[in-house]
Amino acid sequence: MSTPRSRWLSKTAVNGVLALATCYMLFPLVWLVTAATKDAGGLLAGNAFSFEGFDLGGNLTRLAEYNDGVYFRWYLNSLLYAGVGAAACALISVAAGYAFHVYRFPGKEKLFGLVLLGVLVPTTALALPMYLLASEIGLVNTYAAVLLPVLVNPFGVYLSRVLCAAYVPDEALEAARIDGAGELRVFWSIGLRTVMPGFVTVFLFQFTAVWNNFFLPLVMLSDQKLFPLSLGLYAWNSNAHAEPGFYPLVVTGSLLAVVPLVLAFVSLQRHWKAGLTAGSVK
């Protein structure tokens with residue numbers, strides 16, 4: 001039987017590990033916030049963790065003015081790729097998972113096995129085959145070259161099937177069909193709404209993956225106006241070795257690039273909380 005002292009030591013050890021992990025994760029973000037207030041001289045002097053020479057406004061102005069504001073063109077491109085791509089991918093994944101759970105058709109489990117096999121294939125291994133395919137049909141260097149590949153997420157299909165099996169009530173589906181609802185109406189009104197936490201989970205996973213995606217746009221795109229933030233900032237960082245003036249642009253641009261991810265997780269976390277408590281009232 002544990003004594004109060006041993007319990008206190010255990011709690012202290014756990015809290016200490018959590019505090020160290022939190023500091024480790026927040027350290028890059030703190031550096032990014034303070035470094036974004038520096039000019040090139042302050043960054044190269046290694047004094048990034050102080051607010052001496054605060055020039056965040058100047059960095060934001062130069063970021064907006066450089067090359068006719070191409071950074072914010074990249075920002076809109078990333079919102080398009082990640083927002084539209086993640087929303088469509090989440091809808092497709094939930095619909096596929098719902099179909100695997102609800103319907104019976106020949107070869108269903110074998111087809112689902114192929115989906116699970118797709119989970120094991122790294123996306124970088126598919127970039128070159130997708131480029132060759134896009135080149136054959138004339139989609140290279142277009143928005144569709146980045147958007148179409150991100151519409152499919154095998155892990156999202158797997159997760160959606162598991163959630164549908166756990167939360168979609170067969171009785172409600174049968175009752176809706178008896179009332180005359182079509183299959184699309186049943187899915188939209190019952191299936192999708194029931195597994196909305198799963199939809200949000202797939203959306204956030206895919207949004208983060210597409211927002212940070214680098215290799216696929218690098219392979220597919222050559223027109224700078226189509227670049228996402230990840231590829232545009234990489235190009236600027238490559239130029240910074242020869243022109244140090246790019247360093248503040250890269251750091252400030254990276255800080256702004258974090259904002260949509262933070263907003264997405266903060267604004268959508270309530271759906272996760274709803275999913276966690278769904279089982280208690282089912």
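Since we're looking at a predicted model, the values are computed, not measured.
Across all their heavy atoms, Gln206 and Asn153 have their closest contact at OE1-ND2, 3.0 Å. Annotation for Val70 and Gln224: closest pair CG2-OE1, 4.0 Å, computed over non-hydrogen atoms. Considering all non-hydrogen atoms of both residues, Tyr143 and Arg73 come closest at OH-NH2, 3.6 Å. Between Ala257 and Leu229, the closest heavy-atom pair is CB-CD1, 3.8 Å.
Interatomic distance, CG of Leu147 versus CE of Met220, reported as 11.5 Å (0.5 Å rounding). Summarising the geometry, atom CG belonging to Leu151 is positioned 10.5 Å from atom CG belonging to Leu91; distances are rounded to the nearest 0.5 Å. From Trp236, atom CH2 reaches atom CH2 of Trp74 across 4.5 Å, with rounding to the nearest 0.5 Å. Between the CG atom of Leu128 and the CG atom of Leu216 there is a distance of 11.5 Å, given to the nearest 0.5 Å. Atoms OH and SG, from Tyr98 and Cys164 in turn, are 8.0 Å apart once rounded to the nearest 0.5 Å. With rounding to the nearest 0.5 Å, the separation of CG in Leu139 from CG in Leu133 is 8.0 Å.
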Might you work through the ring pair (Phe, Tyr, Trp, His ring centres under 6.0 Å) test for Tyr66 and Tyr71, ending with a clear yes or no?
-> CA-CA 8 Å; Tyr66 182 79; Tyr71 173 83; over 10 Å; no
Stepwise ring pair (Phe, Tyr, Trp, His ring centres under 6.0 Å) check, Tyr75 with Trp211 = CA-CA 10 Å; Tyr75 212 99; Trp211 187 267; 5.7 Å; yes
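For the pair Arg161 and Phe112, the cation-pi test (distance below 6.0 Å, angle within 45°) is passed.
Note: Phe205 and Phe155 have tilted aromatic rings, judged against thresholds of 30 and 60 degrees for the angle between ring planes.
Under a 4.0 Å N-O distance rule, the pair Glu174/Arg177 qualifies as a salt bridge. Of the charged side-chain nitrogens involved, none lies within less than 4.0 Å of a carboxylate oxygen, so that Asp179 and Arg185 do not count as a salt-bridged pair.
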